[in-house]
> 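Just passing along the structure, written as structure tokens.
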Amino acid sequence: MSKRIGVLTSGGDCPGLNAVLRGVVRAADNLDWKVFGFVDGYEGLLVEGGDFIPLTLARTAGIMQLGGTILGTTNKGHFITKVGDGSSRTHVPPEVIARTKKTLQQMRLDALICIGGDGSLTTAQQLHEEGIPVIGVPKTIDNDLEATAMTFGFDSAVACVADALDRLHTTASSHKRCMVIEVMGRHAGWIALYGGLAGGADIILIPEIPFEHERVANAVRRRDAEGCLSTLIVVAEGALEKDGQKRMRAVAEGESKFGGVGQAVADEVTARTAKETRTCVLGHLQRGGAPTTLDRILGTRFGVKAVELIAEGKFGHMVSYLDYQVLSVLIAEAVHRIKLVQPDSQMVQTCRHVGISFGD
Ligand code: F6P
């Protein structure tokens, strides 16, 4: 039977979202289904009659290689279920749920695909519990969801970090400087770890392995003594000093974001080694631009699988990449489970074996 399905992108954007949308539309078209994309995430559900774009083959042609999301997104608004740094929770109010149901009825939608990170999937789970037929698609450049081995956007972010390190490498060695680059990763250091290894970093600081400034300085001194006069340090924004606190900066009244640890590391290196040091905060460059081939493929596979899950009636599930297969898991079992870098993992050991210091 022909179906009408809604799709939305929610939370922070990342490369690969458009690949998912295109995958959804193509798989749905094969089944003769219609797809409607809500504008600005869940917020599009609150507009009378729905604020949506009909997603056709023509509308989604040529979007796979575009970063961002053609639907728009927000990590604010009426559907927030996680607040602050994500550790406090709240619920979507009943009137918002009622309005959502009304929109879905008005548009005669059979299902809603919610593409988002942990917070947006927590919202999706609540909608599911309220009787809305929801399918989740996990998204985060941070790659920190336990229920999926990988999320699209991560590989593109890693490529961005590696590219930045390649550039910093040449200028660092010309000037014999120490370059500190702060990258995303609030709770998990995946981007720093993978980007750092791929870009030839000498020191990588991640939230999972608390560091000491003196050990970082020692690693710099050791390199200098060996005649390696430039040093590249990658610092995850959530990197933690031993016995210290995560560094936050206020961005608006009552709102703060991670940031500042890169500069703090640079200042300490200069103070302790007299080495000339520069800092670069890579920021949202990691979230922009075209997705890598891997993210295009993963995004497409996720989109196609989401449609398959609707056909099978597996509501309350989200797609997940496990053992090289795109499978599904219950959203309820996937949310609030953060995947952290294990300090004794093979990946960390490999880094140590090629001489990378974690400042521990
Ligand atoms: O969770 C993804 C992420 O990119 C984090 O790595 C980063 O700290 C945060 O989002 C930035 O959020 P915003 O786009 O609101 O500044």
Side-chain angles (χ1 to χ4, degrees), residues 9-17 20 40-43 67-69 71-77 79-88 114-124 136-148 150-161 164 181-196 204-208 234-240 245-263 280-289 291-292 295 299 334-341:
T9 52
S10 171
D13 72 341
C14 75
L17 285 168
V20 181
D40 291 342
Y42 290 103
E43 295 299 299
T69 160
L71 294 178
T73 186
T74 178
N75 49 15
K76 297 194 166 50
F79 289 83
I80 294 297
T81 47
K82 288 197 161 191
V83 284
D85 65 358
S87 42
S88 324
C114 305
I115 312 170
D118 193 51
S120 305
L121 290 170
T122 304
T123 300
V137 175
K139 167 247 56 155
T140 159
I141 65 162
D142 298 345
N143 202 33
D144 58 358
L145 296 181
E146 182 67 47
T148 181
M150 200 181 305
T151 43
F152 57 88
F154 172 64
D155 188 58
S156 303
V158 167
C160 177
V161 172
I181 179 170
E182 183 180 300
V183 304
M184 284 184 172
R186 296 171 292 187
H187 311 293
W190 296 107
I191 295 176
L193 188 66
Y194 277 67
I204 299 177
L205 306 179
I206 59 174
E208 297 89 338
V234 179
V235 188
E237 61 189 348
L240 194 60
Q245 293 210 331
K246 299 213 177 196
R247 303 235 172 199
M248 310 288 288
R249 63 193 159 83
V251 286
E253 179 90 26
E255 194 189 346
S256 51
K257 293 268 175 199
F258 282 82
V261 63
Q263 189 58 51
C280 164
V281 179
L282 203 51
H284 289 77
L285 287 170
Q286 295 158 94
R287 291 234 307 255
T292 57
D295 283 339
V335 291
H336 315 311
R337 284 176 54 214
I338 280 205
K339 177 176 66 192
L340 297 176
V341 173

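Counting starts at 1 for both ligands and their atoms, in listed order.
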> Within ligand 1, which atoms have a heavy atom of Arg186 less than 4.0 Å away?
1 (O), 5 (C), 8 (O)
> Starting from atom 10 (O) of ligand 1, which protein heavy atom do you reach first, and at what distance in Å?
Arg287 NH1, 3.1 Å
> Of all the atoms in ligand 1, which lie at a distance below 4.0 Å from a heavy atom belonging to Gly185?
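Reading through ligand 1 atom by atom, the close ones are 6 (O).
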> For atom 14 (O) of ligand 1, tell me which residue out of Lys139, His284, Gln286 has the closest non-hydrogen atom.
His284
> Taking distance alone, with no angle check, do Thr140 and ligand 1 share an N/O pair under 3.5 Å?
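In this structure, Thr140 places no N or O atom under 3.5 Å from an N or O of ligand 1.
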> Starting from atom 15 (O) of ligand 1, find the nearest protein heavy-atom neighbour and note its residue, name and distance.
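Closest protein heavy atom to atom 15 (O) of ligand 1: Lys257 NZ, 2.7 Å.
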> Under a 4.5 Å cut-off applied to non-hydrogen side-chain atoms, are Pro207 and Lys246 in contact?
yes
> Answer yes or no: is there a side-chain heavy-atom contact under 4.5 Å between Thr140 and Leu145?
yes
> Would you mind reporting whether Lys139 and Cys14 have side-chain heavy atoms less than 4.5 Å apart?
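In short, these two side chains touch, coming nearer than 4.5 Å.
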> Considering only heavy atoms of Glu237, which atoms of ligand 1 have at least one such atom less than 4.0 Å away?
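Once the distances to Glu237 are compared, the set is 5 (C), 6 (O), 7 (C), 8 (O).
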> Distance alone, cut at 3.5 Å: any donor-acceptor contact between the side chains of Thr123 and Thr81?
yes
> Decide whether Thr292 and Asp155 meet the rule of one side-chain donor and one side-chain acceptor closer than 3.5 Å.
yes
> Which of the numbered atoms in ligand 1 are under 4.0 angstrom from any heavy atom belonging to Asp142?
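That gives atoms 1 (O), 2 (C), 5 (C), 6 (O) of ligand 1.
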> Assess the side chains of Asp13 and Thr69: does a donor N or O sit below 3.5 Å from an acceptor N or O?
no
> Please work out whether the ring planes of Phe154 and Tyr194 are parallel, tilted or perpendicular, with thresholds of 30° and 60°.
perpendicular
> As an exercise, identify every atom of ligand 1 less than 4.0 angstrom from a heavy atom of Asn75.
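Reading through ligand 1 atom by atom, the close ones are 15 (O).
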